[in-house]
Amino acid sequence: MKQLILIPLFFLAIGLTSLNAQSQTGFGLTGGLNYNGNGDYFASIEDNAQHPDKNMGYHIGVFGRIGNRIYVKPSLVYTNTKSGYDDGDLKLQKLDMPVNVGLKIIGPLSIFAGPSFQYILDSEFDGISLKNIENDFSAGFNFGVGLNIKKIGVELKYERGFSKNEATFIGNNLGEDVVSRIDTRPEQLILSFSLLL
């Protein structure tokens, strides 16, 4: 009876060893463009078609990758974004930490998803420094598709927060104080390029 149990365990150990030998583990550099949406994401894209730089931003950082067919890819990136509103532009500087789990589906093509954590370093709405942000730290999720050829990768992903993270500011309209709220965790479409070192 012990031999019947030990034989499958032996083959399982060999399988796990060979899987580990085929894994692609390393770290690298990443960077790219962010496109923020305000309100209805697809309506926002349509509205900004005439001014494509209105909601553009960028990111740059580092990532780690563990695994091959199924992999885990945590990243730490500095992100600088701009969201255009009727009253002005919201500018954010933040640290983002997505932790994605991916699956190679065909050749170099993979899909991935996971949580994304955000810490706001600085925020400004047309020259007004925003101090009344609900939370400097917030969580969201992202999913997307990636293409990896040798050490070079390209990813396109969609990201949004689990909940709104509003900032409140007071403006003056015709002698009256007006309280406005804007979301500091807008939906994003993110294009990233990466290099595994």
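These numbers were taken from a predicted model, which means no experiment stands behind them.
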Hey, quick one: are [X] and [Y] part of the same hydrophobic cluster, counting side-chain heavy atoms closer than 4.5 Å, chains of contacts allowed?
X: Leu189; Y: Leu191; answer: yes
X: Val62; Y: Leu197; answer: yes
X: Ile66; Y: Leu196; answer: no
X: Leu109; Y: Ile111; answer: yes

Please name the pair of heavy atoms, one in [X] and one in [Y], separated by the smallest distance, quoted to 0.1 Å.
X: Leu95; Y: Leu121; value: CG-CD1, 4.0 Å
X: Asn148; Y: Gly153; value: OD1-CA, 3.3 Å
X: Phe193; Y: Val154; value: CD2-CG2, 3.8 Å
X: Val77; Y: Gly61; value: CG1-CA, 3.8 Å
X: Gly67; Y: Thr25; value: N-OG1, 3.9 Å

**OP:** If a pair satisfies salt bridge (charged side-chain N to carboxylate O under 4.0 Å, His left out) and one of its residues is in residues 70-80, list it, with sequence neighbours excluded.
**Re:** Lys73-Glu155
**OP:** Evaluate the side chain to side chain contact (heavy atoms under 4.5 Å, CB included) criterion for residues Ser194 and Phe63: first the C-alpha distance (whole Å), next the side-chain angles of each, then the deciding distance (0.1 Å), finally the verdict.
**Re:** CA-CA 9 Å; Ser194 62; Phe63 71 92; 3.6 Å; yes
**OP:** Could I get the full list of side chain to side chain donor-acceptor pair (under 3.5 Å) partners for Tyr119, not counting sequence neighbours?
**Re:**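 For Tyr119 there are no side chain to side chain donor-acceptor pair (under 3.5 Å) partners, ignoring immediate neighbours.
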Show me the side-chain donor-acceptor pairs of residues 97-106 shorter than 3.5 Å, one per line, residues at least two apart or across chains.
residue	atom	partner	partner atom	Å
Asn100	OD1	Gly114	N	3.3
Asn100	OD1	Asn142	ND2	3.4
Asn100	ND2	Asn142	OD1	3.3
Lys104	NZ	Asn68	OD1	3.0

From [X] [atom1] over to [Y] [atom2], what is the distance, rounded to the nearest 0.5 angstrom?
X: Gln188; Y: Arg160; atom1: CD; atom2: CZ; answer: 12.0 Å
X: Leu156; Y: Ile190; atom1: CG; atom2: CD1; answer: 9.5 Å
X: Phe27; Y: Arg65; atom1: CZ; atom2: CZ; answer: 15.0 Å
X: Phe137; Y: Phe117; atom1: CZ; atom2: CZ; answer: 6.0 Å

Original post:
Do Thr81 and Asn34 have side-chain atoms, one donor and one acceptor, less than 3.5 Å apart?
Top reply: no
Original post:
Does any donor atom in the side chain of Tyr71 or Ser110 lie under 3.5 Å from an acceptor atom in the other side chain?
Top reply: yes
Original post:
Under 30°, 30 to 60°, or over 60°: which ring-plane class applies to Phe143 and Tyr158, parallel, tilted or perpendicular?
Top reply: tilted
Original post:
Would Asp96 and His59 satisfy side chain to side chain contact (heavy atoms under 4.5 Å, CB included), going step by step from the backbone distance to the final call?
Top reply: CA-CA 9 Å; Asp96 287 318; His59 63 275; 6.0 Å; no
Original post:
Is the count of non-hydrogen atoms from other residues, nucleotides or ligands lying under 6.0 Å from Ile152 atom CD1 greater than 12?
Top reply: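 At most 12 heavy atoms, drawn from other residues, nucleotides or ligands, come within 6.0 Å of this atom.
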Subject >> Working for side chain to side chain contact (heavy atoms under 4.5 Å, CB included), residues Met56 and Leu33 >> reply: CA-CA 7 Å; Met56 292 294 284; Leu33 300 173; 4.0 Å; yes
